[in-house]
Asks: 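Okay, handing you the structure first.
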Amino acid sequence: MALKIYNSLTRQKEVFEPINAPYVGMYVCGPTVSGESHLGHARPFITFDVLYRYLLHLGYKVRYVRNITDAGHFEEEGKVAEDKIASKAILEKLEPMELVQKYTHLYHWAMDQFNNLPPSIEPTATGHIIEQIEMIKKIMTDGFAYEANGSVYFDVIKYNEVYSKKNQPYGILSGRNLEDQLDTTRELDNQDEKKNKVDFALWKKAPVEHIMRWQSPWGEGFPGWHIECSAMATKYLGKKFDIHGGGMDLQFPHHECEIAQSTVCNHELPARYWVHNNMITINGRKMGKSYNNVVKLSELFDGSHLILTQAYSPMTVRFFILQSQYRGTLDFSNEALQASEKALRRLMDAYEWLKAQSFTSEKKSTDTSLDQQLKTWVNELPEFMEDDLNTAKVVANLFEMVPVINSLKDKHISAEAVSGATWQLVQAQLTLFIEQVLGIKVESGANKKQLNGVIHLLIDIRKEAKAKKDFATSDKIRNQLLEMGIQIKDEKDGEVSFTFS
RNA sequence: GGUCGGGUGGCCGAGUGGCUAGGCAGAGCUCUGCAAAAGCUUCCACAGCGGUUCGAAUCCGCUCUCGACCUCCA
């Protein structure tokens with residue numbers, strides 16, 4: 001068994017082999033912290049968190065680099081060289097760094113809510129201006145970039161000419177050829193600075209009103225929007241590293257340009273495996289600012305968005321995302337999220353119960369086919385993960401086991417049906433895959449001692465009421481607790497349990 | 001217009017030639033004071049039309065249709 005991942009560069013699933021095992025270098029494009037993160041942003045970070053977790057589980061020593069873009073991109077290149085962060089700052093009457101700080105905090109908060117492991121290094125674009133300038137200088141020295149009026153542009157045509165001969169034409173990642181693009185690229189104003197319309201900016205001269213600006217050999221300005229990733233990836237992961245990840249919408253032009261820049265500087269393709277997650281859609285349409293259909297994470301968590309009927313917990317959202325395979329689009333709706341919420345609760349209820357049981361390995365199984373079936377389900381989990389992170393199948397198998405666990409709990413099957421050793425295996429693997437690999441944590445208010453005490457007291461009172469056939473009182477306790485989000489469950493053995501919703 | 005990817009049951013979503021995906025919702029039953037929860041059973045499907053094949057959701061062709069990228073984008 002070996003981990004296979006889909007490589008956008010070769011357009012096929014490939015066996016993952018690190019350049020320098022057991023070390024793995026992984027770079028993932030992080031957020032631009034000029035606004036609040038929305039659901040669409042959550043997908044790559046959760047997807048690559050799962051990949052990171054799985055690589056760690058396999059025993060690799062992973063350096064996971066995920067940047068923060070705080071230097072601002074152009075709103076529309078060639079038209080108005082406007083810095084996103086600077087313009088937003090004026091709007092919000094904040095210093096640019098104040099704004100960057102605000103949204104960085106919010107982003108970190110959201111990542112934490114999702115139980116995403118922190119990356120090994122989280123470099124910022126503004127902290128690496130010098131590295132970016134050095135890289136641009138190198139590209140110029142090699143003759144693949146030119147200065148025009150205080151800005152520096154990458155010469156895409158020349159790059160394509162030279163590197164086509166080395167089987168690395170411009171467009172190698174996104175599969176487009178330059179000729180098509182020359183024909184189809186839209187006409188934009190103020191492009192006279194560029195030799196060709198396909199050229200892209202490495203450094204941009206700052207207009208007077210532009211707040212974020214740095215000194216450079218070409219005057220005061222700010223870096224172009226692709227160079228930061230090339231500079232930081234090279235600095236922390238070297239000239240060639242293992243995995244480069246990000247959303248599919250970054251494949252072109254961002255990653256394509258990154259490849260061109262890094263290839264000129266480092267004389268090889270920067271990453272071996274290019275991994276791209278697909279988009280989250282809403283009514284079949286990509287979630288994005290330009291479509292005006294974003295659901296911010298904070299709105300999701302507090303239910304304040306119009307299309308939501310309720311709040312959804314971060315784990316529900318994480319689970320919703322992991323119920324699909326990362327390379328397909330995922331269509332979002334209130335209904336779909338509700339389904340995920342219920343499903344997650346059922347899974348976690350069964351899991352938490354099982355986890356609390358103790359089994360002795362001596363017990364032999366009396367139902368060998370069920371015993372074998374459980375082992376099969378469990379053993380398939382790594383196979384599914386290793387088939388291009390098919391978390392959807394992992395989740396499906398977890399659900400196969402839920403009825404068996406609940407049957408044991410409700411004594412529909414005997415304690416001896418499955419061997420103690422198998423139950424121990426199931427316990428261990430469920431913990432591994434649910435908590436370690438999928439990164440789903442137990443979300444419950446049950447850790448408040450006093451609250452638990454109060455609930456137990458109410459349960460006792462309800463039991464007494466029931467014994468006296470005072471159903472008015474017993475129902476009142478049950479129903480009102482339910483309204484507060486505490487659900488009472490009468491178990492088969494006469495015991496009463498409760499869960500928080 | 002160019003490049004690419006889709007269309008699976010009420011909804012979300014796996015699956016690439018023959019075997020129940022899974023979840024949510026629906027129906028029935030069991031349990032229960034009544035519920036809930038849980039268990040069991042069950043309904044509903046592969047956009048359309050052709051073709052290949054003993055056999056296709058899965059391969060091929062055409063048609064319809066949706067979307068992504070080509071401009072900032074996760």
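Labels below follow one simple rule: chain letters A, B, ... track the order of the sequence lines, proteins then strands, and each chain is numbered from 1. These numbers come from the heavy atoms of this one structure, side chains and all, not from hydrogens, waters or symmetry mates.
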Asks: I need the full list of salt bridge (Lys or Arg N to Asp or Glu O under 4.0 Å) pairs touching residues 472-489 of chain A, with sequence neighbours left out, sorted by first then second residue.
Replies: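 For residues 472-489 of chain A, and leaving out neighbouring residues, the salt bridge (Lys or Arg N to Asp or Glu O under 4.0 Å) pairs sorted by first residue read A:D349-A:K489, A:D475-A:R478.
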Asks: Please state whether the rings of A:H41 and A:H38 are parallel, tilted or perpendicular, taking 30° and 60° as the class boundaries.
Replies: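 It falls in the tilted class, 30° to 60°.
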Asks: Mark this stacking check for A:F45 against B:A74 as yes or no, applying ring centres under 5.5 Å and ring planes under 30°.
Replies: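 So A:F45 does not count as stacking on the base.
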Asks: Nucleotides 42-45 of chain B: which of its N/O atoms have a protein N/O under 3.5 Å away?
Replies:
none

Asks: Nearest nucleotide by nearest heavy atom, which residue falls closer to the 5' end of RNA chain B, A:G175 or A:F252?
Replies: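 Its nearest nucleotide being more 5', the pick is A:G175.
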Asks: Using atom P of each nucleotide, how far apart are B:G55 and B:C19 to the nearest Å?
Replies: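 To the nearest whole Å, 15 Å.
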Asks: Atom CD of A:E352 and atom P of B:A38: how far apart are they, to the nearest Å?
Replies: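 Roughly 14 Å, once rounded to whole Å.
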Asks: Is any side-chain N or O of A:N390 under 3.5 Å from a base N or O of B:G15, one able to act as donor and the other as acceptor?
Replies: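 By the distance-only test, no, there is no pair.
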Asks: Name the orientation class of the two ring planes belonging to A:Y170 and A:F252 (parallel below 30°, tilted from 30 to 60°, perpendicular beyond 60°).
Replies: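 Plane angle over 60°, so perpendicular.
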Asks: Counting only distance, no hydrogens or angles, is the base of B:A37 paired donor-acceptor with the side chain of A:D349 under 3.5 Å?
Replies: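 No, the side chain and the base share no sub-3.5 Å donor-acceptor pair.
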Asks: Determine the contact category for A:T329: base if any of its heavy atoms lies under 4.0 Å from a base atom, sugar-phosphate if only primed atoms, P, OP1 or OP2 are that close, otherwise nothing.
Replies: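 Result for A:T329 = sugar-phosphate.
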Asks: Using atom P of each nucleotide, how far apart are B:C40 and B:G23 to the nearest Å?
Replies: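 These two P atoms come out 10 Å apart once rounded.
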Asks: Checking base pairs now: Watson-Crick or wobble, both atom distances under 3.5 Å. What partners B:U58?
Replies: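 For B:U58, the partner nucleotide comes out as none, under the 3.5 Å rule.
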Asks: Between the side chain of A:S37 and the main-chain N/O of A:Y107, is any donor-acceptor distance below 3.5 Å?
Replies: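 Absent.
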Asks: Using atom P in both nucleotides, what's the gap between B:G9 and B:A47 to the nearest angstrom?
Replies: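 Those two atoms are separated by 8 Å.
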Asks: Picking from B:G33, B:A37, B:C70, which would you name as closest to the side chain of A:K489?
Replies: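 Of B:G33, B:A37, B:C70, B:A37 is nearest to the side chain of A:K489.
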Asks: Just to confirm, is there a sub-4.0 Å distance from OP1 or OP2 of B:C69 to any side-chain nitrogen or oxygen of A:K286?
Replies: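 Result: yes.
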Asks: For A:F200 and B:C70, give me the distance from atom CZ to atom C1', rounded to whole Å.
Replies: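 Between C1' of B:C70 and CZ of A:F200: 15 Å.
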Asks: Quick one: is B:A74 close enough that its OP1 or OP2 comes under 4.0 Å of any side-chain N or O from A:Y291?
Replies: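 Indeed not, no polar side-chain atom of A:Y291 lies that close.
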Asks: Would you mind reading off the distance between A:E256 atom CD and B:U3 atom C1', rounded to a whole angstrom?
Replies: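 Atom CD in A:E256 sits about 12 Å away from atom C1' in B:U3.
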Asks: Compute whether any side-chain donor of one residue and acceptor of the other, for A:E228 and A:T69, lie under 3.5 angstrom apart.
Replies: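 The answer is yes; a qualifying pair exists.
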Asks: With both distances under 3.5 angstrom, what nucleotide forms a Watson-Crick or G-U wobble pair with B:A45?
Replies: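 Base partner found: none.
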Asks: Identify the pairs formed between an N or O of the protein and an N or O of nucleotides 63-65 of chain B at a distance under 3.5 Å, and give each distance.
Replies:
none

Asks: Thinking salt bridges, do A:D490 and A:K466 make one under a 4.0 Å N-O criterion?
Replies: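 Yes, this pair counts.
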Asks: So A:G288, base contact, sugar-phosphate only, or nothing? Heavy-atom distance under 4.0 Å.
Replies: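 Contact class for A:G288: none.
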Asks: I need the full list of salt bridge (Lys or Arg N to Asp or Glu O under 4.0 Å) pairs touching residues 389-411 of chain A, with sequence neighbours left out, sorted by first then second residue.
Replies: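 Listed by first then second residue: A:K409-A:E491.
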Asks: When you match A:V402 and A:A42 each to their closest nucleotide on RNA chain B, which lands nearer the 5' end?
Replies: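 It is A:V402, whose closest nucleotide lies nearer the 5' terminus.
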Asks: Between B:U30 and B:G67, how far is it from one P atom to the other, in whole Å?
Replies: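 Here B:U30 and B:G67 have their P atoms 48 Å from each other.
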Asks: Is the A:Y159 to A:F154 ring centre distance short of 6.0 Å?
Replies: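 Judged by ring-centre distance (under 6.0 Å), A:Y159 and A:F154 do meet the cut-off.
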Asks: Got a salt bridge between A:K375 and A:E380, using NZ or NE/NH1/NH2 to carboxylate O under 4.0 Å?
Replies: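 No, this pair does not count.
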Asks: Over 60° means perpendicular and under 30° means parallel, so tell me whether A:H456 and A:F498 are parallel, tilted or perpendicular.
Replies: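 Rings of A:H456 and A:F498: perpendicular, over 60°.
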Asks: May I ask you to say what A:L330 touches in the nucleic acid, namely base, sugar-phosphate or nothing, with a heavy-atom cut-off under 4.0 Å?
Replies: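 Sugar-phosphate: the residue A:L330, judged by heavy atoms under 4.0 Å, touches backbone atoms but no base.
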Asks: Sticking with atom C1', work out how far B:A25 lies from B:G10, rounded to a whole angstrom.
Replies: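 Nearest-Å result for B:A25 against B:G10 at atom C1': 7 Å.
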Asks: Can you spot which of A:L51, A:N390, A:N277 makes a side chain to side chain contact (heavy atoms under 4.5 Å, CB included) with A:Y326?
Replies: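 Only one of A:L51, A:N390, A:N277 forms a side chain to side chain contact (heavy atoms under 4.5 Å, CB included) with A:Y326, namely A:N277.
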Asks: Does A:M248 reach a base, just sugar-phosphate, or nothing at all? Heavy atoms under 4.0 Å.
Replies: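 A:M248: no heavy atom of the nucleic acid under 4.0 Å.
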Asks: Could you state the atom-to-atom distance from CZ of A:R327 to C1' of B:G15 in whole Å?
Replies: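 Computing the A:R327:CZ to B:G15:C1' distance gives 13 Å.
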Asks: Write down the distance between CD (A:E380) and P (B:G15), rounded to a whole number of angstrom.
Replies: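 A:E380 atom CD is separated from B:G15 atom P by 14 Å.
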Asks: Between B:C34, B:G13, B:A74, which nucleotide gets closest to the side-chain atoms of A:R478?
Replies: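 Closest nucleotide to the A:R478 side chain: B:C34.
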Asks: For A:Q325 and A:D388, does a side-chain donor sit closer than 3.5 Å to a side-chain acceptor?
Replies: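 The criterion, which ignores hydrogens and geometry beyond distance, is satisfied for A:D388 and A:Q325.
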Asks: Between the base of B:C72 and the side chain of A:K289, is there a donor and acceptor pair under 3.5 angstrom?
Replies: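 Side chain to base: no pair present.
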Asks: Please tell me which of the listed nucleotides, B:C12, B:G13, B:G33, lies nearest to the side chain of A:D475?
Replies: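 Nearest to the side chain of A:D475 among the choices is B:G33.
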Asks: What is the ring orientation for A:Y54 with A:F433, classed by angle as parallel under 30°, tilted 30 to 60°, or perpendicular over 60°?
Replies: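 The arrangement is tilted - the two ring planes meet at 30° to 60°.
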Asks: Taking NZ in A:K463 as the centre, count heavy atoms belonging to other residues, nucleotides or ligands within less than 6.0 Å. Is the count above 12?
Replies: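 Yes, the 6.0 Å shell around NZ holds more than 12 heavy atoms from other groups.
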Asks: Tell me: CD1 of A:I477 to C1' of B:G33, nearest whole Å?
Replies: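 Value for this atom pair: 15 Å.
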Asks: Determine the contact category for A:E341: base if any of its heavy atoms lies under 4.0 Å from a base atom, sugar-phosphate if only primed atoms, P, OP1 or OP2 are that close, otherwise nothing.
Replies: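 Result for A:E341 = nothing.
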Asks: Please pick, from B:C73, B:G15, B:G39, the nucleotide with the shortest atom-to-atom distance to any side-chain atom of A:K393.
Replies: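 Closest of the options to the side chain of A:K393: B:G15.
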Asks: Provide the distance between the two C1' atoms, one in B:A35 and one in B:A68, to the nearest whole Å.
Replies: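 It comes out at 48 Å once rounded to the nearest Å.
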Asks: Using the P atom in both, what is the distance from B:U20 to B:U16, to the nearest Å?
Replies: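 So the two P atoms sit 16 Å from each other.
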Asks: For residues 279-295 of chain A, which residue pairs pass the salt bridge (Lys or Arg N to Asp or Glu O under 4.0 Å) check, not counting sequence neighbours?
Replies: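 Residue pairs with at least one partner in residues 279-295 of chain A: A:D249-A:K286.
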Asks: If I pick the C1' atom on B:A56 and the same atom on B:A45, what distance separates them, to the nearest angstrom?
Replies: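 Here B:A45 and B:A56 have their C1' atoms 14 Å from each other.
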Asks: Look at all strands and tell whether A:N479 reaches a base, only sugar-phosphate, or nothing, counting heavy atoms closer than 4.0 Å.
Replies: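 Contact class for A:N479: none.
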Asks: Which nucleotide in the set B:C69, B:C34, B:A36 lies at the smallest distance from any side-chain heavy atom of A:R462?
Replies: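 So the side chain of A:R462 is nearest to B:C34.
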Asks: Mark yes or no for whether A:D470, through its side chain, and A:T473, through its backbone, hold a donor-acceptor pair below 3.5 Å.
Replies: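 Yes, because the side chain of A:D470 sits within donor-acceptor range (under 3.5 Å) of the backbone of A:T473.
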Asks: Scan every strand shown for a Watson-Crick or G-U wobble partner of B:C24, both distances under 3.5 Å, and answer none if you come up empty.
Replies: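 When the pairing criteria are applied, B:G10 turns out to be the nucleotide that pairs with B:C24.
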Asks: From CG of A:L39 over to C1' of B:C73, roughly how many Å is that when rounded to an integer?
Replies: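 These atoms are roughly 15 Å apart.
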Asks: Using a heavy-atom cut-off of under 4.0 Å over every strand shown, decide if A:N277 touches base, sugar-phosphate, or nothing.
Replies: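 Result for A:N277 = base.
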Asks: Both distances below 3.5 Å, Watson-Crick or wobble geometry, any strand: find the nucleotide opposite B:G67.
Replies: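 WC or wobble partner is B:C4.
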Asks: Where the side chain of A:M287 is defined as all heavy atoms beyond and including C-beta, which of B:U71, B:A74, B:G33 is the nearest nucleotide?
Replies: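 Nearest listed nucleotide: B:A74.
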Asks: Could you go through nucleotides 22-29 of chain B and list every protein N or O atom that sits under 3.5 Å from one of its N or O atoms, giving the distance for each pair?
Replies:
{"unit_1": "B:G23", "atom_1": "OP1", "unit_2": "A:R346", "atom_2": "NH2", "d": "3.3"}
{"unit_1": "B:C24", "atom_1": "OP1", "unit_2": "A:R346", "atom_2": "NE", "d": "3.1"}
{"unit_1": "B:A25", "atom_1": "OP1", "unit_2": "A:K342", "atom_2": "NZ", "d": "3.1"}

